[in-house]
Amino acid sequence: MSYEVDLEVFKGPLDLLLHLIKKHEMDIYDIPIAEITAQYLAALDAMKSLNLDIAGEFLVMASTLVHIKSRMLLPVEAEADSEEEEADPRAELVHRLLEYQRYKQAAVTLDEYHILGRDVFARSCCEDTEESEGNAELQPVGIFELVEALQGLLREAPPEPVHEVVREKLSVAERVSMLLELLGDCRSLAFEALVSRRPNREELVVTFLALLELAKLRMIRIMQNQRCGSIWLFPTETDAGRELPLQDENFGYC
Amino acid sequence: MRDVNCRCRMKILDTAELKAVIEALLFAAPGPVRLEQLALAVEAEPDRVKRQLDELEKEYRHMQRGFVLVELADGYQLRTRPEHAEWVRRLHSSRPVRISRAALETLAIVAYRQPVTRADIEYLRGVDSGGVVKSLLDKRLVRIVGKMDAPGRPLLYGTSREFLEFFGLRTLKDLPTLKEFTELTRESESLLLDFEAGIEEEPSPAAPEESGEG
Amino acid sequence: MRDVNCRCRMKILDTAELKAVIEALLFAAPGPVRLEQLALAVEAEPDRVKRQLDELEKEYRHMQRGFVLVELADGYQLRTRPEHAEWVRRLHSSRPVRISRAALETLAIVAYRQPVTRADIEYLRGVDSGGVVKSLLDKRLVRIVGKMDAPGRPLLYGTSREFLEFFGLRTLKDLPTLKEFTELTRESESLLLDFEAGIEEEPSPAAPEESGEG
């Protein structure tokens with residue numbers, strides 16, 4: 001393969017064009033359009049022969065080049081005599097290449113900065129300490145950040161059930177102790193989190209019975225916030241015998 | 001990553017630089033660091049590292065510095081001096097903090113889905129959100145707007161006047177519609193539209209008691 | 001709270017101790033700290049505090065220490081030295097930050113041309129940039145600063161405070177001007193004029209209708 005270009009490296013058609021211009025020492029302000037088009041198409045062929053997916057942008061640029069080339073072949077129209085320069089079909093491409101080159105180099109410069117988390121490090125102990133600083137004033141944020149947060153959230157929600165439980169025979173007692181363990185260090189747990197991703201009937205029944213046992217023992221509270229909504233489990237305070245009235249104050253916070 | 005970061009052979013550190021690097025490691029570490037970890041990271045014998053730790057410890061103690069080096073069960077750690085605790089606390093309380101991701105997410109859910117229960121929030125966020133809700137209540141960005149007519153009568157939350165002020169909105173109607181954010185990706189578009197279904201109208205501030213959710 | 005936390009009158013700090021306390025505050029703060037916040041916390045005039053900050057800065061720089069003091073958009077922060085990056089990375093628990101060239105190009109365009117639409121970015125880069133923009137939004141290096149008053153009302157992007165912190169900048173003005181990058185002939189400069197309109201001035205961080213952040 002005569003094209004020993006590292007194809008992975010090119011971030012786009014403009015990048016590839018700049019490379020070809022530099023490599024063949026062309027004058028960017030007077031690009032030999034026939035030659036660059038040939039080089040460019042050859043590069044695309046090289047990509048194809050390597051079975052690389054050629055992004056649509058590369059093909060669009062190919063047709064742009066061919067188009068410019070064909071316009072260059074047309075005889076100069078009489079009306080263009082006053083401002084020949086403006087009629088150069090390559091003008092926009094040159095604009096774009098020069099512009100792209102500037103940002104490409106700006107990117108290189110940015111890369112040389114001492115980047116936080118890569119080249120320099122700040123103290124990393126104290127991120128998100130917000131909970132502990134109950135009444136600290138908050139820095140203002142834009143409304144768009146709010147929506148961005150939501151968008152990020154929706155990308156992941158609703159959460160996948162996290163526990164894949166493997167077992168051969170199910171007993172209610174085992175389930176009870178397993179649930180207690182799960183509940184041990186959480187303040188609440190969704191029912192879905194208790195069963196495997198595709199629970200079979202048996203698993204569901206045993207889990208449900210175990211929950212009822214626990215509820216009877218007053219070791220958990222079971223809540224559902226709407227009909228058909230998800231079921232939530234809340235472990236009760238340690239002394240299991242004590243009756244816990246379902247007060248609002250009890251609902252939320254510890 | 002740039003070339004400079006890839007040099008795999010590292011030079012052997014002279015004593016003064018070793019001390020500086022150890023200081024850097026202690027400074028940047030998220031918690032206590034064991035002697036062996038330090039030695040491994042700087043490629044020096046533990047004895048040599050220990051000597052520099054002792055040096056640093058003495059230095060911090062004798063010179064008037066802002067922190068000291070303490071040896072804990074699971075390693076060494078830099079800590080501010082107990083005498084300075086009051087000032088540190090003051091800074092923490094006077095310093096406007098950045099709103100946490102958790103708080104922002106929770107606010108977003110409350111804003112767009114109000115009235116909403118804590119369980120709704122937790123379902124969407126996938127994590128326990130009691131602490132965040134409480135802190136938002138404390139900051140008055142969120143308020144209790146009623147109780148749901150359902151078993152357990154869970155509390156319903158909505159946004160407050162302070163919420164509007166905080167985000168510089170005149171009314172809830174000024175909240176950007178989620179659709180306006182869908183241009184980024186097709187994928188998020190469907191997510192957002194799902195989410196928004198039902199609250200197409202102005203998110204009405206609190207329709208407590210009766211509201212059975214959208 | 002114990003009694004010791006409630007003493008409300010604090011002694012006035014002598015210079016040496018003031019410096020130590022400032023060091024402690026910088027050390028303990030979870031992010032950059034503004035001069036005014038420091039002054040408030042230590043009950044000293046900003047000038048006096050500034051002098052100690054300068055002292056500390058010099059001290060860290062000249063003595064072989066593990067960190068330096070940098071001034072950023074949001075105030076002062078202690079950071080490890082770039083020369084120590086490799087060692088710190090080795091010990092650091094979290095994966096080192098990586099930033100792709102596509103991301104850097106996009107950041108450069110956003111930084112120099114803000115407020116900018118996704119279409120602008122894609123025109124300049126010549127490739128679809130939705131994914132990069134999204135990931136920069138996720139990393140909070142780029143933020144949505146408003147919507148363009150044009151058909152379709154496309155979103156406008158700008159750099160965030162985190163962008164400045166990420167690159168260790170005090171302001172956008174600290175970025176080198178774009179011109180330094182190219183040796184342009186006079187004719188070619190006129191070609192570029194229309195592109196440059198608007199960025200020749202200080203790249204002002206966007207004041208669109210729905211400006212986020214202060």
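Every value quoted in this text rests on a predicted model; they were computed, and no experiment measured them. Quick note on labels: first sequence line is chain A, next is B, and so on, each numbered from 1.
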*Of all of C:E36, C:H84, C:K19, C:R81, which one pairs up most often with chain B through heavy atoms under 4.5 Å apart?*
C:H84

*Members of residues 64-71 of chain B whose heavy atoms come closer than 4.5 Å to chain C*: B:Q64, B:R65, B:G66, B:F67

*Quick one: CE on B:M63 to CD on C:E23, what's the gap to the nearest 0.5 Å?*
10.0 Å

*Give a yes or no on this: more than 12 heavy atoms of other residues, nucleotides or ligands lie within 6.0 Å of atom CZ of B:R61.*
yes

*Drop me the distance from B:E83's CD to C:E17's CD, to the nearest 0.5 angstrom.*
7.5 Å

*Under 4.5 Å heavy-atom distance to chain B, tell me which part of C:R79 shows up: side chain, backbone, both or neither.*
backbone

*Grab the two heavy atoms, one from C:L91 and one from B:A41, that are nearest each other, plus how far apart they are.*
CD1-CB, 4.2 Å

*At their closest point, which heavy atom of C:W87 faces which heavy atom of B:L25, and how far apart are they?*
O-CD2, 3.4 Å

*Heavy-atom contact with chain C under 4.5 Å, split by part of B:L40*: backbone

*If you take all heavy atoms of B:A24 and C:V88, which pair is closest and at what distance?*
CB-CG2, 4.2 Å

*Where does C:L78 contact chain B at under 4.5 Å (heavy atoms): side chain, backbone, both or neither?*
both

